[in-house]
Amino acid sequence: MNKKVCFGLYAFFCSLLLASCGQENQAIKTSEPTSSTATKLSSTHAENIDLMLIQEESSQFPQSQGVYDLQGKELTIVKQYLPMTENSNDENLSGPALKKRNETIQADFDKNFSSANLRLKDDPFEIYETTFQGASFSIDGKTLYLRADGLELKFHYDEATNRAYDENNVRYEVQVDQ
C-alpha cells in the first residue's frame with residue numbers, strides 16, 4: 001500500500017511539473033514579437049486589427065508628440081506642437097522662415113483637427129485631441145492610409161522597420177494589436 005501511495009504522489013507531482021512547463025512555454029510564445037504581424041499588416045485591409053502610430057522623431061517639424069490610435073472603428077489623434085514666435089531663441093529663423101514654419105504647423109493642424117472645432121494656440125504645452133468614428137486603415141504598396149469621417153491621412157510605410165512617415169517627415173512606430 002505504501003508503494004502505491006508513493007507512486008501516486010510521484011505521478012501527481014510529475015504531471016503537475018509537466019503541466020506548469022507547458023504553460024510557461026505557451027506564455028513565452030504568445031509574448032514573442034513576430035515579423036508576421038508586420039507582414040500581415042502590409043497585406044490586409046484589416047477589420048479586427050487595432051493600430052497605433054506613436055511618434056518617435058520629428059526631425060525638422062516642431063511637433064513634440066503625436067499619436068494616431070485606431071481601436072475598432074474609432075480613430076483618436078493626439079498631437080502637441082511647438083509653435084515659434086518672434087521672441088523665440090532660434091535665431092536661424094528670420095521673418096519669412098518663421099512665417100513659413102508657422103504656416104506648415106497650421107496646415108498640419110487643419111488637416112488633423114479641422115472638424116474638431118479646435119483652434120491652434122501659441123502655447124507649447126497645449127495638447128490637441130480629437131476622435132473620429134467609422135475609421136479604418138489600409139496599405140497600398142508603401143502607403144498606409146488612415147480614413148475616418150471624410151478624413152484621409154497618408155503615411156509612407158516602411159515594412160522592414162515597421163515605421164510610418166507623414167508628409168512632414170515625422171517618424172512613427174507602428175504598433176499592431178490583433
Side-chain angles (χ1 to χ4, degrees), residues 37-38 41-178:
T37 302
L41 176 64
S42 67
S43 64
T44 187
H45 196 65
E47 294 178 9
N48 295 325
I49 294 179
D50 293 334
L51 180 75
M52 186 178 289
L53 278 63
I54 301 173
Q55 177 181 332
E56 288 186 329
E57 183 181 326
S58 65
S59 133
Q60 298 296 318
F61 188 70
Q63 176 178 304
S64 62
Q65 65 175 315
V67 174
Y68 295 89
D69 186 10
L70 178 65
Q71 299 285 323
K73 299 243 180 235
E74 184 175 274
L75 174 65
T76 301
I77 301 172
V78 179
K79 286 195 173 200
Q80 183 177 21
Y81 298 98
L82 299 173
M84 299 297 291
T85 62
E86 293 290 341
N87 298 328
S88 95
N89 293 332
D90 191 350
E91 296 182 16
N92 295 331
L93 289 178
S94 62
L98 181 61
K99 182 179 179 187
K100 180 173 173 45
R101 183 179 189 153
N102 286 338
E103 287 172 352
T104 304
I105 293 170
Q106 185 68 53
D108 187 78
F109 180 84
D110 290 343
K111 181 178 68 173
N112 287 281
F113 300 103
S114 63
S115 65
N117 294 325
L118 296 174
R119 290 186 49 221
L120 182 62
K121 299 175 184 173
D122 193 20
D123 179 2
F125 300 106
E126 186 73 26
I127 297 174
Y128 304 95
E129 180 175 344
T130 189
T131 300
F132 296 93
Q133 301 300 319
S136 65
F137 83 91
S138 63
I139 294 182
D140 182 15
K142 292 187 175 225
T143 305
L144 177 126
Y145 294 94
L146 292 176
R147 295 180 178 95
D149 291 335
L151 174 73
E152 180 178 87
L153 302 168
K154 292 179 0 180
F155 299 85
H156 172 76
Y157 179 61
D158 183 357
E159 183 178 354
T161 62
N162 205 31
R163 301 294 184 262
Y165 300 84
D166 69 11
E167 66 186 16
N168 298 309
N169 206 28
V170 176
R171 182 177 70 203
Y172 297 88
E173 177 187 5
V174 178
Q175 295 180 357
V176 179
D177 187 21
Q178 296 178 328

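All of these numbers come straight from a predicted model, not from anything done at the bench.
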| task | Please lay out, stage by stage, how Val174 and Phe155 fare under the test side-chain contact (heavy atoms from CB on, under 4.5 Å). | result | CA-CA 11 Å; Val174 178; Phe155 299 85; over 6 Å; no
| query | Asp110 and Gln106: side-chain hydrogen bond (donor to acceptor under 3.5 Å, both in side chains), yes or no, with the steps? | reply | CA-CA 6 Å; Asp110 290 343; Gln106 185 68 53; 2.8 Å; yes
| request: Evaluate the side-chain hydrogen bond (donor to acceptor under 3.5 Å, both in side chains) criterion for residues Asp177 and Gln175: first the C-alpha distance (whole Å), next the side-chain angles of each, then the deciding distance (0.1 Å), finally the verdict. | output: CA-CA 7 Å; Asp177 187 21; Gln175 295 180 357; over 6 Å; no
| field | Full working for side-chain contact (heavy atoms from CB on, under 4.5 Å) between Gln71 and Thr76 | value | CA-CA 8 Å; Gln71 299 285 323; Thr76 301; over 6 Å; no
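Residues Gly72 and Asp50 approach most closely at N-OD1, 2.9 Å, considering heavy atoms. When every heavy atom of Leu51 is checked against every heavy atom of Leu146, the shortest pair comes out as CD2-CD2, 3.9 Å. In this structure, Gln63 and Ser58 approach most closely via the heavy-atom pair O-OG, 3.2 Å. Counting all heavy atoms, side chain and backbone alike, Phe132 lies closest to Thr130 at CE1-CG2, 3.5 Å. Nearest approach of Tyr68 to Asn112, heavy atoms of both residues: OH-OD1, 2.9 Å. Residues Gly66 and Tyr172 approach most closely at O-CE2, 3.7 Å, considering heavy atoms.
For Lys154, the side chain to side chain contact (heavy atoms under 4.5 Å, CB included) partners two or more places apart in sequence, or in a different chain, are Thr143, Tyr145, Glu152. In this structure, the side chain to side chain contact (heavy atoms under 4.5 Å, CB included) partners of Glu103, at least two apart in sequence or on a different chain, are Lys99. The side-chain hydrogen bond (donor to acceptor under 3.5 Å, both in side chains) test applied to Thr104 returns no partner, not counting sequence neighbours. Listed by chain and residue number, Ser59, Tyr165 satisfy the side chain to side chain contact (heavy atoms under 4.5 Å, CB included) test with Asn169 (two or more places apart in sequence, or in another chain). By the ring-ring contact (aromatic ring centres under 6.0 Å, His included) test, Phe109 pairs with Phe113, Tyr128, sequence neighbours left out. By the side-chain hydrogen bond (donor to acceptor under 3.5 Å, both in side chains) test, Gln80 is found to be paired with Ser64, Gln65, residues two or more places apart in sequence or in another chain being considered. Taking Ser114 as the reference, nothing meets the side-chain hydrogen bond (donor to acceptor under 3.5 Å, both in side chains) condition, with sequence neighbours excluded. Taking the side-chain hydrogen bond (donor to acceptor under 3.5 Å, both in side chains) definition, one finds that Asp149 meets it with nothing, sequence neighbours left out. Legend: residues meeting salt bridge (Lys or Arg N to Asp or Glu O under 4.0 Å) with Glu126, ordered by chain and number and at least two apart, are Lys121.
Note that OG of Ser136 is 9.5 Å distant from CG of Leu75, once rounded to the nearest 0.5 Å. Note: Leu70 CG to Leu53 CG = 9.5 Å, rounded to the nearest 0.5 Å. Atoms CG and CD1, on Leu120 and Ile105 in that order, are 7.0 Å from each other to the nearest 0.5 Å. Atom NZ in Lys111 sits 8.5 Å away from atom CG in Leu151 (nearest 0.5 Å).
Side-chain atoms of Glu159 and Ile139, non-hydrogen and from C-beta on, never get closer than 4.5 Å to each other. By the 4.5 Å heavy-atom criterion applied to side chains, Leu153 and Ile77 are counted as neighbours. You'll find the side chain of Phe61 stays beyond 4.5 Å of the side chain of Asp166, heavy atoms only.
By the 6.0 Å contact criterion, CD on Gln133 is enclosed, its count of non-hydrogen atoms from other residues, nucleotides or ligands being greater than 12.
Sorted by first then second residue, the salt bridge (Lys or Arg N to Asp or Glu O under 4.0 Å) pairs that include residues 51-61, not counting sequence neighbours, are Glu56-Arg163, Glu56-Arg171, Glu57-Arg171.
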